[in-house]
Structures are given as structure tokens and as C-alpha cells.
There are 2 protein chains.
Amino acid sequence: MTTSKPDATVLRTFAPERHDHRRCVSTALSKADAACTASGLRLTPLRRRVLELVWGSHTPVKAYDLLAILGRERHQAAPPTVYRALDFLQEAGLVHRLASMNAFVGCGEPGGTHAGQFLICSGCGTVAELAEPGLSKTIAASAERLGFEVVRETIEIEGVCADCRRSKPRTGRGAASTAAK
Amino acid sequence: MTTSKPDATVLRTFAPERHDHRRCVSTALSKADAACTASGLRLTPLRRRVLELVWGSHTPVKAYDLLAILGRERHQAAPPTVYRALDFLQEAGLVHRLASMNAFVGCGEPGGTHAGQFLICSGCGTVAELAEPGLSKTIAASAERLGFEVVRETIEIEGVCADCRRSKPRTGRGAASTAAK
DNA sequence: AGTAAGCTTGTTAGATGATAACATCAAATA
DNA sequence: TATTTGATGTTATCATCTAACAAGCTTACT
């Protein structure tokens, strides 16, 4: 699920347990088509397929997972194939790379290349993308005081999403059930 | 340069051009000794040496650079040697890993395992570590609204530090001097 | 001291992540 | 059509990180 939320700062919400994810994918692809057409970028079949695969997963996707899938589909696929497609998609603002986990997620609001702010749930692995102006503003203010000019922000917050907190509530001191291991 | 700054939110400042960095290193090692003694952790010769090497560089250090140095010193050193030491130092709160560049920096204020907020200068490569409560608070507020429980923050801001801005001032549209490559 | 337990390091091997360099092919343009 | 540019194929390699087991040290207890 990604669009038409009242809260404009949430570009991509955590994936709810039940939803027709195919619609997310097709919506994302349509947006991508439009965005590329508008800016004169070439969303080739390969690039489009990679984008589709990235969106196809609820959770961030690793480059080599994509590579494995492409390898099955195309009889041949080497790392550069996938990395080049991902590079293009990143520059086009269609996917984001999560540095803290070396993985990629579809961008909920393609268009301008914007800084991503991500909440990553360690329970279900899904990711929410925010665009909190307040956050960027606070960072800019801190940087300003040191005379630092901000170019790129990497903000990735790991934690537990609301759904996972409900299904695996925390006890007072350490979880009891899944404590082993 | 790392300590005794009036601004308590700056845990580690950008390295000034001229300073006796050996003092930074020895200060950091003393702090580490004290912290480990206090918390019953074993700062073995190997771990201490790795910490020293990390601090020895003004800029974030790559694991394989450490490995190369250790290899020269010890006649043998394999990746696990260095990664294990780094893991220990991270958990002890003595170094931070910068996910956006796969590198490590000494922590300016060891002790509790705190979230790092980093300003990374792409000019000189040096890093400042902040602890802006306002920033964490803003993040917590955004997370709160989504019912998200924050566990770990990865905040890495890339840009240009004050010194580098002075020495390579930006022109109106694109730098002229160092534009080629 | 003896010795068992647990932590630390050595060692080998390999998984995973990413890029360089050059060849080939397709699309856009002159 | 010829030329140029961009996209993809291909091979090779580098960089980052981890698993698994062996060996050595410390610690704590008898």
C-alpha cells in the first residue's frame, strides 16, 4: 500500500497484513512510466522488470536476489545487469537503497530525487518512507551551526512497527516466549 | 580533536588542519581503558590495537585497511580477526560503523551505546559526531504517530564542512577550478 | 596445582556485495 | 545509410563480511 494517504509526510506505509499487493506494483509501474516519459528517461524492459521485482516484494530486496530471478527468466544475467538497472532506477528516483541493509525498496513518491527517511521494522521487515520536513529542518539547523553544508541525508530508523508490536507485545523485562536462541 | 568542547551535543568535531592527533589517540585509549575496566569488558591487546588504528586515522577507516596493517605487524591476520575486534568495539560503544561508507570511526564519547548522528565531509573525509536530542526527539515523534518503536537510528549526513567550504568556495553554477573529473 | 568452562584468537573457506573493462547490440540522429 | 550515443552482454576481479571449527588463554573452582 503506498498512495492516497491523508498524511502527506508518509510516502510509503508499512505493508498491512492483507492487501492486494499486485495493485501496489501496477500503480508503481504506471507512475514510473509516467515519470520517465515526462523526464525523457528510458524505462527499458529490463529496467522496468527490475523495478517490478523490487516492488514485488513487501520487504527490501537484495541485488543478488534480483539477479537470481533474472537469471532464471533470461538464461543469463550477471551482476552488472542488475546493478546498472538499480543505478538507473535510483537516479530516476524510482527506488531507494537502504545503506544499513544493502537492499532496495521502491520509492512511494517518484519524481524529484528526494532524500529518504525510512522506518525499518525488524519484525516483519517492511519499510515505511517518510518525508518529514521537520526532520530535515532539524538536521539543517544542526549542520548550520557547524558551518556544514548538507548534500545528502541517510536516515534509516530500525525498530518495530505497530502491527508487530501488537502481535508480539513486549513484556516488562525481556520477551519470555521467544527468548531462546 | 574530540573532547572538552563547550557544545555538549558535538561528541566529535571535524579534525582541524593542524593539531596533535597523537593526543586524540591517547586520550581515546585512556577513556577506553577506563570504560572497559568499569564495565568489566576485556580490552585485549588486539582490540586495543585496532581501536588505536581506528583513532589513528583522521577519517573513517575500512576494515581491510586495518587488516593490511595488522597483517604487516603480526605476520598473520585474517578478516575475522579484524571484524571480531570491530564488533567488540562497537558493542562496547568505542567505535561506530558508518553504514553509508562501510567504514569505522572512533566514538568521541564512549560509554553507553548511543545512537550516532554523523556529519561526513566529502571534501576532507573527516567526520563529526553529534548527539542532538532535538533530532532524536523529532524522529521519535514521527515514529510515534505511526506506532513505531525506535530501536536504532542510522543518521549519516553527507556534505561539506566549514573548512572545506572556505578552501574550495562554490561558485554560482558549478565549481570552475576542480571541475575536470 | 589441576582442570573444566568459557572467552579469545587462529585458520580455512566461502557467501555476499559491487565494479572495471571491453564487446556487442539497439536506438536516435545526422 | 552512416554515425553516434546509449543499453546490455560478458568476463574477470575486487571488496565486504561471515560460518565453522581448531587452538590457545583466563578464570574460577576444587
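In what follows, chains carry the letters A, B, and so on, assigned in the order in which the sequence lines appear, proteins first and then strands, with residues in each chain numbered from 1.
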Check every atom of C:dA21, D:dC21, C:dC7 against the side chain of A:Arg84 and return the nucleotide holding the closest atom. C:dA21
In this structure, how many angstroms lie between the [atom2] atom of [N] and the [atom1] atom of [X], rounded?
| X | N | atom1 | atom2 | result |
| --- | --- | --- | --- | --- |
| A:Leu41 | C:dA27 | CG | C1' | 15 Å |
| A:Arg97 | C:dT16 | CZ | P | 17 Å |
| B:Leu46 | C:dT9 | CG | P | 5 Å |
| B:Glu91 | C:dT8 | CD | P | 11 Å |
| B:Met101 | D:dC17 | CE | P | 12 Å |
| A:Leu86 | C:dG17 | CG | P | 12 Å |
| B:Tyr64 | D:dT18 | OH | C1' | 10 Å |
| A:Asp65 | C:dG17 | CG | P | 7 Å |

Phosphate OP1/OP2 of [N] contacted by [X] side-chain N/O (<4.0 Å):
| X | N | answer |
| --- | --- | --- |
| B:Asn102 | D:dC17 | yes |
| B:Tyr83 | D:dC17 | yes |
| B:Lys62 | D:dT16 | yes |
| B:Arg48 | C:dT8 | no |

Short N-O contact, A:Asp163 and A:Arg166, less than 4.0 angstrom: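 Salt bridge: yes.
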In terms of side-chain geometry, is the basic nitrogen of A:Glu158 or B:Arg152 positioned less than 4.0 Å from the acidic oxygen of its partner?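 Yes, this pair counts.
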Under 30°, 30 to 60°, or over 60°: which ring-plane class applies to A:Trp55 and A:His21, parallel, tilted or perpendicular?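 Ring orientation of A:Trp55 relative to A:His21: tilted.
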For A:Leu119, run the side chain to side chain contact (heavy atoms under 4.5 Å, CB included) check against A:Val160, A:Leu130, A:Thr13 and tell me which one passes.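 Of all the options given, the one that passes is A:Leu130.
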Passing candidate, side-chain hydrogen bond (donor to acceptor under 3.5 Å, both in side chains) with A:His96, options A:Gln90, A:Glu129, A:Arg12, A:Glu156: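 Between A:His96 and the candidates, side-chain hydrogen bond (donor to acceptor under 3.5 Å, both in side chains) is satisfied uniquely by A:Glu129.
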Residue closer to the 5' end of DNA chain D, A:Arg47 versus B:Phe104 (nearest nucleotide):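 Nearest-nucleotide comparison on DNA chain D picks A:Arg47.
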Could you tell me whether the side chain of A:Cys36 reaches within less than 4.5 Å of the side chain of A:Leu94, counting heavy atoms only?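 Yes - at least one pair of side-chain heavy atoms lies under 4.5 Å apart.
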Using a heavy-atom distance cut-off of less than 4.0 Å, which residues of residues 68-81 of chain A contact DNA chain D? A:Arg74, A:Gln76, A:Ala78, A:Pro80, A:Thr81
Going by atom types alone, do B:Ser136 and B:Gln117 pair a side-chain donor with an acceptor below 3.5 Å?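 A pair is found: one side chain offers a donor N or O, the other an acceptor, under 3.5 Å apart.
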